Every structure is written in C-alpha cells, then in structure tokens.
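Counting starts at 1 for both ligands and their atoms, following the listed order. Only a predicted model underlies this, so the values are computations on that prediction, with no experimental measurement involved.
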Amino acid sequence: MSKKIDEFMAKVIERNPSEPEFHQAVREVVESIMPFIEKNQKYQKAKILDRMIEPERVIMFRVPWLDDKGEIQINRGYRIEMNSAIGPYKGGLRFHPSVNLGILKFLAFEQVFKNSLTTLPMGGGKGGSNFDPKGKSDNEVMKFCQSFMTELQRHIGPDTDVPAGDIGVGGREIGFLFGQYKRLRNEFTGVLTGKGLDWGGSLIRPEATGYGCVYFVQEMLKTRGESLKGKVCTVSGSGNVAQYTVEKLTHLGAKAVTLSDSSGFIYDPKGIDEQKLEFVMELKNVKRGRIKEYADEFKCKYFEGKFPWEIKCDVAFPSATQNEIHEGDAKKLVKNGCVAVGEGANMPSTPEAVEIFLDAKILYAPGKASNAGGVATSGLEMSQNSQRLTWTRDEVDEKLLQIMINIHQSCVKYGKDGGSKYVNYVNGANIAGFVKVADAMLDHGVV
Ligand code: NDP
C-alpha cells in the first residue's frame, strides 16, 4: 500500500511543484483513502481521487490600490474553486503575507472534505491575497477590499461560490467586500457569509468555529467517560477561533490558560475568565494590538516568539495557523499528560506530530472535523438568506451542536481502527468526507 501511495504522491508533486502544504494535505487524505478505494473499485475505476486533487478552476488576479500616502500598491488575489459536486463552492478568504497558490490549494482541498462532513450542500473553495491588514488604516483596508472585490465579483454568486472569512478577514473586511459587491452588481444577496447581523448575517456565526471545536472535543471526551469540566486547556492564536474557543471552555467549566499571536504567547495559570476575554476582544478586534499587552495588564508571563505547547495541559486547542505543532511539541504535550487535541486551525499539526498523537492513542481531532462548525454555520446563514428569515441564537446554537455531534458520529463510524476500540479521527473524517463527494461525482459522469 505504501508503494502505491508513494507513486500517487510522486505524480502529485511533479504536477504541483513548490506547493509543500498542498502535498502535505493530499498525502494525509490519500493515506486514509487509498486502502478504502482499493476495497471499493468503483471509485478507483472512475479516477475519483485523481480528479479531486485537480481544482475545477483557479483564478488569479492583480489587486491594485492606493495607500494613504497616495502610492500605488499591488497585491495578488486568488480564488480556488476546488469541487462543486455537492453544492456551490464555499470557503474562506485569507489575507496574510504568507498566502500563495499552494497554501490556498491545501485549504481548498481540506474544505471539500470538511464541507461534506457538515452534511450541508456545500462544495469546497478557498481564496485570499498576500495583503497584510496588520498596520494598515481602516481606509487602506477598505480600498484594498474594494479593489479585490471588483475582480472577484465576476466569479462568485449565491448559487456559484460563496466566500467567508479566515485569517485576516473578519467582520470589518466582510463588510467592505459585501458593500462593493452590492454596489457593482446592484443586488442584495447572500454572496458572502460572516455578514453583520443588520445586513443578513447569522447569530452565532462569529462564535461557530470556536464553539464547534469545543463541542467536538466534548463528544470525544464522552467516549472515555470524561468531560471538559475542570480541564486545563492551552489555546494558541488570539483571533476569531481562539477567542470563542476560550469563551465556550469557560462556559463549560474548563480553564483556558494561554493565548498567542505571531509575536509570542501569554500564560495565565489563573485562567482567562470572561472579563479577561473581554479585554482580549477589545485589544484584538478594536485596538488591533499585541497579545503581550495582556501580560502587562494581568501581570502574567509572556513568552516571546513561542507557541504554548510546553505548558502542561489536559487538552490543547491549536487555533492560529498551519504547522504550528511540530514533532517535539507533540512529544511534550503527550509527556505532560495531554489527553486530547482539538484543532481549531487548519492543519496545525505536522505529519510527524500527528503520528505522535495517534501512537500515544490520545483523542486527536483533525481540523477538517473539529473546526467544521464555522462553515456549517455559514451554511445555516445561506439557508436563512435564501428564506429571508432570521433564526434565534438558541436555534442556531442547537443546530451547530447537533451538526458537531453528527460529524463526530461519522468519524467514529469510519475511523475505528481494525478490531481495536481506538478511533482514528483522521481516517474517519477523510473517509466520511470522501464518500459523499465521490458518490455525487459518480452520479455526474466524467465532468
Ligand atoms: P484570525 O486572523 O482572526 O486570527 C489568527 C490568529 O493566529 C492571530 O492571533 C494571529 O496572530 C495568529 N497567527 C496567524 N498566522 C500566524 C503565524 N504564521 N504564526 C503565529 N501566529 C499566527 O484568524 P482565525 O481565528 O479566523 O483563523 C485561525 C485558524 O482557524 C486558521 O488556521 C483558519 O484557517 C482556521 N479556521 C478559521 C475559521 C473561521 O471561521 N474563522 C473556520 C475554520 C478554520 P497575528 O495577529 O499576530 O497575525
């Protein structure tokens, strides 16, 4: 089997040079899927996997804009329309200087499986730009978003492709993007999700990825007769996903003790309670400051240039970015007694780190399962927009919880390792996500 996987991967690497994150994401899926499709020849005959790794469409474009000094700036914009077998392309936009084609292809590929897992009718896509919102004025961010949407608008639509937020794209950016779309197309429609509550947004959408991740970990812990109550949790990042992960952990009686940004992390052994989280939200979402200021405010330790994986914890929630947990970090986490990892970020653990978690048989939730609550609630936002209705906070939260429980059940169904009781959530998520998309592709013929 490993020879077959290596041969498959050699072709992927040859066809997609210089895209290491895309290779990493494909390999992880292929390792789960190859044994499955060997037993299900219909998928192999129809070359479903070969088709799934080729985006249906890749759009790349120039984004020129004027900064506050009147100077012309040029960024590159992208939209990867990966797979539309089960619904319109759906997936976030990332604005970060590290953005390139390979990173967005990895994210779009992951998104196909994740969206399928939610049980909602959404295909997979991803997009963004190498634009860095950090240090830019609101006016500059608006100018950039308007230029970005001026091109993107011709490729998207409520039944075609529905982008959302991701790193560097929050409520402010979605507002500017939506405003420009509406102006250019003269239509008020659910073309983006993560919208403001006054103009088509859904309650719980900002909270959904973090809340959903915590709900998923709760389900995993239940399988071992445990709960989150009293658990010490390390969280990385301090953006959208991290903030609402901390909020839900606190609601459920757990104690979040760390947060980070790209400069370093804070360690607050007393726990980040509601009042301290309010400070973080103001700091990050309004003042756009650095997490170090938390340590100054609440007199706790700050570690420059580090991720929080050396801190002893029961559960870890990586919620910043890809490849933030390396092999050594994973070893430290396991050695320190960590019993579960819930990935809020996409692919935050390297393949070597994942192997450590699986070998140690801890509860390990890959991002495509545990962070699917965000896109699931985007799907609920699309449903509300189509019906021109608004559901209550409790209604959406209840639906989100049920979706996370369903995703967990699908992972358990497909992820039981041989005769053992251990659930390999990586295999579970990959196979469960694959089957629905693959069957739809079979139905559609060679397209
Ligand atoms: P935000 O932009 O709101 O926050 C990102 C956080 O991660 C910031 O604290 C940022 O620090 C930190 N970060 C980003 N890049 C790096 C890096 N290279 N090294 C160290 N720290 C970094 O993004 P989100 O919270 O929305 O997204 C976080 C993760 O969750 C991403 O992997 C995203 O793909 C994933 N995700 C998000 C969803 C959503 O609904 N928003 C849905 C599903 C997954 P700094 O401010 O210093 O850059």
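For Asp67 and Gln73, the side-chain atoms include at least one donor-acceptor pair closer than 3.5 Å.
Annotation: atom 17 (C) of ligand 1 to nearest protein heavy atom, Thr321 CG2, 3.5 Å. Closest to atom 24 (P) of ligand 1 among all protein heavy atoms lies Val241 CG2, 3.9 Å. For atom 23 (O) of ligand 1, the nearest non-hydrogen atom of the protein is Ile167 CA, 3.4 Å.
Neither the backbone nor the side chain of Ser236 has a heavy atom within less than 4.0 Å of ligand 1. With a 4.0 Å heavy-atom cut-off, ligand 1 is reached by the side chain of Arg94 but not by its N, CA, C or O. The side chain of Arg290, and not its backbone, has at least one atom closer than 4.0 Å to an atom of ligand 1 (non-hydrogen atoms only; side chain from C-beta on).
The shortest N/O to N/O separation between Thr209 and ligand 1 falls below 3.5 Å.
The nearest pair of heavy atoms linking Thr377 to Val396 is CG2-CG1, 3.8 Å. Between Ala256 and Leu249, the shortest heavy-atom contact is CB-CD1, 4.3 Å.
Residues Glu19 and Phe106 have side chains not in contact (no heavy-atom distance under 4.5 Å, counting atoms from C-beta outward).
The ring of Phe148 has its center closer than 6.0 angstrom to the ring center of Phe61.
Here the shortest heavy-atom distance to atom 22 (C) of ligand 1, taken over Gly91, Gly165, Ser262, Gly194, belongs to Ser262.
Residue pairs meeting the ring-ring contact (aromatic ring centres under 6.0 Å, His included) criterion with at least one partner in residues 197-216, sequence neighbours excluded, are Phe178-Trp199, Phe216-His408, Phe216-Tyr425.
Taking 4.0 Å as the cut-off, His96 counts as a neighbour of ligand 1 on heavy-atom distance.
Judged as a ring pair (Phe, Tyr, Trp, His ring centres under 6.0 Å), and not counting sequence neighbours, the contacts of Phe434 are Tyr43.
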